[in-house]
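Here's the structure, in structure tokens; my notes come after.
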Amino acid sequence: MRLYPRSEEILRKNRRFIPGGVASLNRSIKPEIVFVKRHGAYLCDAEGNRYIDYHAAFAPHFLGHNDPYVTEAVVRALRDHASLYGSGTTILEGQLAELICRHVSSVESVQFLNSGSEATYQAIRLARALTGRDHVVVMQGGYNGWHNDVSCNLMTPLEELGPRVSPGEYPYKGMSAGTPLDHQKLVHCINFNDLESVEYVCEKYPVAALITEPILQNIGVIKPEAGYLAGLRRLADRYGFVLIFDEVKTGFRHALGGYASICGVTPDLVVYGKALANGYPIAMLVGAPGRNL
Ligand SMILES: Cc1ncc(COP(=O)(O)O)c(C=O)c1O
């Protein structure tokens, strides 16, 4: 018996025009259920079944789907403000930046972007500009966006993982295919909670930045061991790389000021994403005064 005939029909049609039938393959699911309505903590599929949304779009819907307060604010902004002036600042961006600086831990200034990937890209680019170095350290199993600096060795099959991945010896495959080999050599994938590997990479290469979620949430939840984040701070100071916390998932979830406000460690840069607007596409890169950026 077909349990989801309407969903299957929608997907069948979409597959004619979209690879896999879905705009992001991360959202491709089995069974092939298509959701057509959402409200608060619930989703409804095309057959009329109602579900509690435990997945919550990878985390940004703190207030639930379609929160009336947020929706009203978005509609008001669309109605009362131009979508793009093309020159000069806007009153709203200044108000939002002020609000962020008041509430988010150790923030001095804010740059807004559209997506988490753009924000991690800009954070790394800023780190390179600042240090004059090119190499980057990322976490095995982490996800910091789709671009070349962070998507190396992404979702690598278990049997192909090693304790430490040496660039050049390991052409990244799978979801990382398409990243130029020369670029792969700049990205060093290490294990979370492994300070020795950070030192190992820093001794061998001029590292501009280390980017990590302060709690690795992309592969379940891996908490930082006692002293790990402080150890990263110490190594950043010793080797002169920029410590970037990716708080796209942890930001606002653990504390209004972000996880950086409760873990006792001040990163140099922090990235936030769609949780900033209960799921609407916005992101920000913020500076913290841990070092002289
Ligand atoms: C920790 C983390 N960083 C970065 C990103 C990329 O954000 P975006 O999908 O807005 O580009 C994600 C996406 O889920 C994420 O979970």
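Bear in mind that the values here come from a model prediction, so they are computed numbers and not experimental data. Both counts, for ligands and for their atoms, begin at 1 and track the order of listing. Numbers here simply count residues along the sequence, with the first being 1.
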Inset, instruction - Would you please name every residue forming a ring pair (Phe, Tyr, Trp, His ring centres under 6.0 Å) with His65, sequence neighbours left out? - result: His61
Legend entry - Basic-acidic side-chain contact under 4.0 Å: Glu225, Lys223: no
Inset, instruction - Enumerate the protein residues lying less than 4.0 Å from ligand 1, judged by heavy-atom distances, in chain and residue-number order. - result: Ser115, Gly116, Ser117, Tyr143, Asn144, Gly145, Glu213, Asp246, Val248, Lys249, Lys274
Legend entry - Residue that, paired with His135, satisfies side-chain hydrogen bond (donor to acceptor under 3.5 Å, both in side chains) out of Lys204, His188, Lys185: His188
Inset, instruction - Mind telling me whether Tyr121 and His147 have parallel, tilted or perpendicular rings, with 30° and 60° as the class edges? - result: perpendicular
Legend entry - Heavy atoms of other groups near Tyr85 OH, more than 12 under 6.0 Å: yes
Inset, instruction - Compute whether any side-chain donor of one residue and acceptor of the other, for Asn278 and Asp67, lie under 3.5 angstrom apart. - result: no
